[in-house]
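Proteins come first, then strands; the chains are lettered A, B, ... in the order of their sequence lines, and each starts at number 1.
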2 protein chains.
Amino acid sequence: MKRSPTMKDVAHAAGVSVMTVSRAFKQDASVGEKTRQMIREKADELGYVFDATAANLRSQRSDFVAVTIPSLNNANFAATVVALTGKLSQEGYQVLLGHTNYDMMREEELIGQFLRRRPEAIIVTGGRHTERARQMLKNAGVPVIETWDIPPNPIGHVVGFSNADTMQLLVDHLVGLGRKRIAFMGGDSESDTRGQDRRDGFLTAMAGHGLRADRLVGSGAPQKPMQKGATAMGDLLARFSDTDAVICVSDLVGFGALSECQRRGIAVPDQIAMAGFGAYDIAEVCVPRLTTIDPKPTEIGETAAGLVLQLLSNSNAVSDKIIAPALIPAQSTSA
Amino acid sequence: MKRSPTMKDVAHAAGVSVMTVSRAFKQDASVGEKTRQMIREKADELGYVFDATAANLRSQRSDFVAVTIPSLNNANFAATVVALTGKLSQEGYQVLLGHTNYDMMREEELIGQFLRRRPEAIIVTGGRHTERARQMLKNAGVPVIETWDIPPNPIGHVVGFSNADTMQLLVDHLVGLGRKRIAFMGGDSESDTRGQDRRDGFLTAMAGHGLRADRLVGSGAPQKPMQKGATAMGDLLARFSDTDAVICVSDLVGFGALSECQRRGIAVPDQIAMAGFGAYDIAEVCVPRLTTIDPKPTEIGETAAGLVLQLLSNSNAVSDKIIAPALIPAQSTSA
DNA sequence: CCCTTTGATGTTAGCGTTTACATCCTTGCC
DNA sequence: GGCAAGGATGTAAACGCTAACATCAAAGGG
């Protein structure tokens with residue numbers, strides 16, 4: 001397996017200088033159109049592949065944007081990444097994607113690795129990080145964007161929404177339908193910080209209505225949420241059998257709970273109303289359809305990408321962006 | 001924002017040569033332990049971050065492994081990537097992940113971009129690619145692994161299973177339960193090549209049992225499979241009302257179909273048996289639980305990673321790996 | 001006690017590209 | 001027709017690191 005050809009080889013074959021080859025591969029460079037065509041042809045003949053590493057080193061631009069999400073297999077984070085990737089790749093950036101598995105230590109490690117690649121911006125999910133991770137991000141010398149959250153103490157820029165405040169929508173909705181003995185399922189896992197925030201928001205919203213909010217059941221770590229939801233529903237019924245509504249930390253947990261109700265012959269919404277969070281596909285398909293909150297993941301991604309592009313072109317004053325999640329009422333709460 | 005410190009700065013601060021600093025940041029280099037400690041400390045003080053780009057250029061090793069999958073938001077591809085990432089990152093490799101959105105043109109583009117980063121190996125999903133993509137992979141000069149499939153004409157190595165052959169398991173299962181008027185849902189979208197293979201396998205397996213296999217309904221492109229499954233179930237009932245079993249191209253389509261049955265009061269499995277593919281969480285949680293096929297996504301990822309590591313250390317003769325998917329029977333097919 | 005061995009450190013050059021500047025040849029205008 | 005302006009191309013150096021080799025001191029053996 002022989003060494004792959006470089007610009008030098010192409011230049012030699014084309015009878016021009018290396019610099020002209022370099023220009024032939026750039027968008028806006030001043031090269032004669034005929035020369036460019038000719039060089040491109042020669043390059044193809046030789047099987048030349050541009051070496052981004054060398055270009056990055058010399059130009060001190062990596063064209064990388066680092067992105068960390070808790071989990072790949074999550075429709076919402078995935079949608080954010082798809083939006084981010086779409087918009088950033090159009091502008092010539094390449095997304096360096098990593099998943100933390102909801103583990104702040106793993107996030108720290110990942111950020112450390114990413115930084116060695118000299119990304120031009122870093123987009124992380126959530127506003128809670130290890131102290132070392134915070135320091136690394138602060139000292140990175142590139143734009144940092146925290147998403148999916150409104151951190152109390154942001155590192156750089158923020159594109160997100162308040163998970164806590166959003167719970168008000170669901171509680172209001174259920175109270176408006178006459179439900180009072182409302183339970184919350186999930187938000188007990190330390191690794192799911194957004195889940196914790198939602199639980200906190202539930203408590204606040206309930207207090208605002210003068211309702212007791214002691215019907216709390218855990219669903220554990222965010223892995224296998226459907227299975228956890230089914231189990232948690234059993235716990236809930238055992239502990240608070242007169243519950244008339246359940247707000248779940250996510251639609252996936254909600255679907256698990258819904259299925260458990262179906263198995264036990266509990267009527268939803270007649271006996272118990274059920275709501276989720278996240279506007280996952282399943283909420284739209286299951287029987288009955290699940291009331292949920294749309295956190296607008298695509299909007300988060302597009303907005304974050306737009307912010308990055310602004311920050312990288314003209315670093316003018318650009319403000320953070322607050323996303324407004326929307327309630328999607330469905331059969332599972334309306335009797 | 002000042003220029004970030006380099007090894008030179010660290011070397012100066014520590015009173016040693018640049019080379020010693022370089023060695024202090026490598027695992028196995030011969031540096032005095034005291035010197036290494038001292039250098040590391042100085043580096044931390046200065047906020048030095050190792051520049052992988054420069055190191056890659058000089059050493060002609062990128063530590064990148066490129067991976068393309070059709071979709072981020074898919075539990076199975078995600079599981080493969082998680083397994084890959086876990087195993088490869090332990091050995092110091094960084095996964096460069098890209099999603100094609102089930103689009104071969106997008107895959108070609110992505111491969112082109114990845115190649116510019118000089119990855120040390122490339123892992124792609126599936127065995128169908130554009131001609132240009134095939135050429136790029138062949139000429140890349142690094143190991144290429146195709147996964148999730150058994151391509152008739154492999155580019156390099158293969159870690160996968162036959163989507164077609166696997167359908168035999170499901171057809172045998174249903175026929176064994178006395179079902180004969182079996183329909184197949186999905187596999188009509190050109191972009192879902194594995195779905196097409198499964199449909200082909202269904203036809204073959206049915207023919208093997210001497211059964212007619214003309215009950216085919218499309219579910220369209222792989223996006224929003226649950227919704228598509230619900231719609232497709234309506235089509236199926238309209239066109240072949242006496243169907244007694246449905247094999248769906250995936251559990252997600254299957255769940256959509258199941259939900260539609262529930263809406264219409266059709267008993268599953270009593271009236272119609274239902275089976276999916278993929279062993280998604282939902283198959284285990286829905287009511288009734290869905291009979292499915294476990295394609296062992298984690299095993300695919302681990303095996304592919306192991307193969308890459310072998311190929312990159314000693315490029316001895318290493319053989320391809322065939323994965324054996326397993327039938328998981330459940331309530332949705334057993335009356 | 002000298003010479004070899006070994007481990008720790010230094011020196012030089014170069015990985016493949018682009019920045020910065022210089023050069024040359026057109027083209028257009030008075 | 002001469003001269004400025006601009007477009008096309010070339011030259012030299014540098015980006016930050018490591019391979020390869022050289023050097024030096026300390027340790028060990030006869």
Return the value, rounded to whole Å, for the distance between atom NZ of B/Lys34 and atom P of C/dT9.
11 Å
Within the structure shown, what part of the strands sits under 4.0 Å from B/Thr35 by heavy-atom distance: base, sugar-phosphate, or nothing?
sugar-phosphate
Please list, chain by chain and in numerical order, all residues satisfying ring pair (Phe, Tyr, Trp, His ring centres under 6.0 Å) with B/Tyr93, sequence neighbours excluded.
none
Taking the nucleotide of DNA chain C with the closest heavy atom to each, which residue, B/Arg58 or B/Val16, is nearer the 5' end?
B/Val16
Between C/dT17, D/dA19, D/dC17, spot the one nearest the side chain of B/Ser59, thanks.
D/dA19
Watson-Crick and G-U pairing of DNA chain D written in dot-bracket, each distance under 3.5 angstrom, with | for inter-strand partners:
||||||||||||||||||||||||||||||
Once you round it to whole Å, what is the distance between P of D/dA8 and CE of A/Met19?
14 Å
Is the phosphate of D/dG16 approached by B/Thr6 (side-chain N or O, under 4.0 Å from OP1 or OP2)?
no
Rounded to whole Å, the CZ-P distance (B/Arg118 to C/dG16) equals 9 Å
Can you tell me how far C1' of C/dA8 sits from CD1 of B/Ile39, to the nearest Å?
11 Å
Specify the separation, in whole Å, of atom CG of A/Leu57 and atom C1' of D/dA14.
9 Å
Tell me: CZ of B/Arg116 to P of C/dG16, nearest whole Å?
16 Å
